[in-house]
J.: 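Before anything else, here's the structure in question.
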Amino acid sequence: MLMTIPDLLNTQQLEEIRALLGDASFVDGRLSAGRDAQRVKNNEEMASDNALNVKLNQLVLGRLYQHPTFQAAAMPLKLSSAFFARYGAGQSYGQHVDDAIMGPQGGQYRTDVSMTVFLSGPEDYEGGELTVETEHGEQHVKLPAGHAVFYPSGSLHSVAEVTSGQRLVAVAWAQSMVRDPQQRALLYDMYIVKEALQNVSPDAEATARANRSYINLVRLWSEL
Ligand code: NI
């Protein structure tokens, strides 16, 4: 299930992030890629030891983590730090799946959910669409600045070549309490149903049953 969160960041936050990134040094993105992904990866990333990292992480991931849609659909247990990537003219990221295990020794996490936060808008670059293979076929994603998208990390995906301008994104991963993407999708549907019932008929027996089913399904399927 591919999901988008519109307006995760507002104009002021975007300006602050872009200004901080303007001062940062970027390195070859292949340095952070697994062996297979290295062959198809061609972009630049902010150096991971950058002093701005903590501030940038708070700005981008704090809001994502707290977002009710992200909480309900991704059910995050662990969240990676954000990687800031830029693609200039001629750069792309060929088709790949993300590495299954990431993070430093002792702080490792399984990647269940992959996220991209768009820091530049469609007007800032040509090309550069994110393409994700989903259960509904290929989906092409090129969102306004400040919007976010997330999808199961096992999905094949790619970034088309940027032909002009610059594509600036933050990417991050989450280990979910629910490993199976199908189960996460079912739980999210159930969440929507029980929230809707709660709003229209808070005292109905069906509402109580939907609520209990949701809670007990989370108990059945989650691992901590
Ligand atoms: Ni990827």
Side-chain angles (χ1 to χ4, degrees), residues 1-5 8 17 21 26-48 53 56-57 60-61 64-65 70 73-104 107-120 122 125 127-143 145-163 166-176 179-182 184-185:
M1 187 173 55
L2 180 143
M3 306 249 332
T4 59
I5 299 182
L8 179 72
I17 292 165
L21 287 173
F26 279 71
V27 297
D28 189 336
R30 290 181 186 93
L31 294 170
S32 72
R35 226 171 70 188
D36 267 359
Q38 273 183 8
R39 292 172 34 244
V40 292
K41 189 174 186 182
N42 175 19
N43 66 3
E44 290 180 310
E45 279 171 2
M46 189 178 80
S48 58
N53 244 327
L56 280 163
N57 259 301
V60 176
L61 294 185
L64 181 68
Y65 192 75
F70 183 70
M75 304 188 69
L77 175 67
K78 296 179 185 175
L79 198 60
S80 76
S81 47
F83 290 71
F84 294 87
R86 70 182 181 198
Y87 295 72
Q91 294 192 306
S92 62
Y93 198 156
Q95 204 174 46
H96 66 281
V97 294
D98 293 335
D99 278 346
I101 309 290
M102 293 191 196
Q108 289 176 309
Y109 53 89
R110 185 184 64 233
T111 57
D112 294 320
V113 180
S114 300
M115 295 154 257
T116 298
V117 182
F118 290 80
L119 301 176
S120 43
Y125 58 99
E129 291 86 6
L130 168 68
T131 297
V132 184
E133 301 261 352
T134 74
E135 67 275 33
H136 309 298
E138 272 189 357
Q139 293 199 46
H140 304 281
V141 188
K142 187 171 177 175
L143 299 176
H147 287 32
V149 63
F150 60 96
Y151 52 90
S153 297
S155 318
L156 267 173
H157 58 280
S158 59
V159 177
E161 184 177 316
V162 169
T163 53
Q166 189 184 74
R167 176 186 190 266
L168 193 59
V169 292
V171 294
W173 292 267
Q175 177 172 333
S176 177
R179 178 182 197 154
D180 183 334
Q182 254 185 314
R184 283 200 304 275

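Count residues from 1 along the sequence. For clarity, every value in this text was computed on a predicted model and none was experimentally measured. Indexing begins at 1, ligand by ligand and atom by atom, following the structure's order.
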J.: Taking atom CZ of R184 and atom CE of M75, what is their separation to the nearest 0.5 Å?
T.: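 Separation between the atoms: 9.5 Å.
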J.: Which protein atoms of type N, O or S are found under 2.8 Å from the Ni ion (ligand 1)?
T.: H96 NE2, D98 OD1, H157 NE2
J.: Of the options M3, H157, M115, which is the one that meets Y151 in a side-chain contact (heavy atoms from CB on, under 4.5 Å)?
T.: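 The residue from M3, H157, M115 that satisfies side-chain contact (heavy atoms from CB on, under 4.5 Å) with Y151 turns out to be H157.
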J.: Please determine which of I5, I17, V60 meets the side-chain contact (heavy atoms from CB on, under 4.5 Å) test together with V117.
T.: V60
J.: Carefully, step by step, assess T111 and D98 under the rule side-chain hydrogen bond (donor to acceptor under 3.5 Å, both in side chains).
T.: CA-CA 8 Å; T111 57; D98 293 335; over 6 Å; no
J.: CZ/R30 to CZ/R39 distance, rounded to the nearest 0.5 angstrom?
T.: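 R30 CZ to R39 CZ: 12.0 Å, rounded to 0.5 Å.
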J.: For H136, what residues pass the side-chain hydrogen bond (donor to acceptor under 3.5 Å, both in side chains) criterion, not counting sequence neighbours?
T.: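 H136 satisfies side-chain hydrogen bond (donor to acceptor under 3.5 Å, both in side chains) with no other residue.
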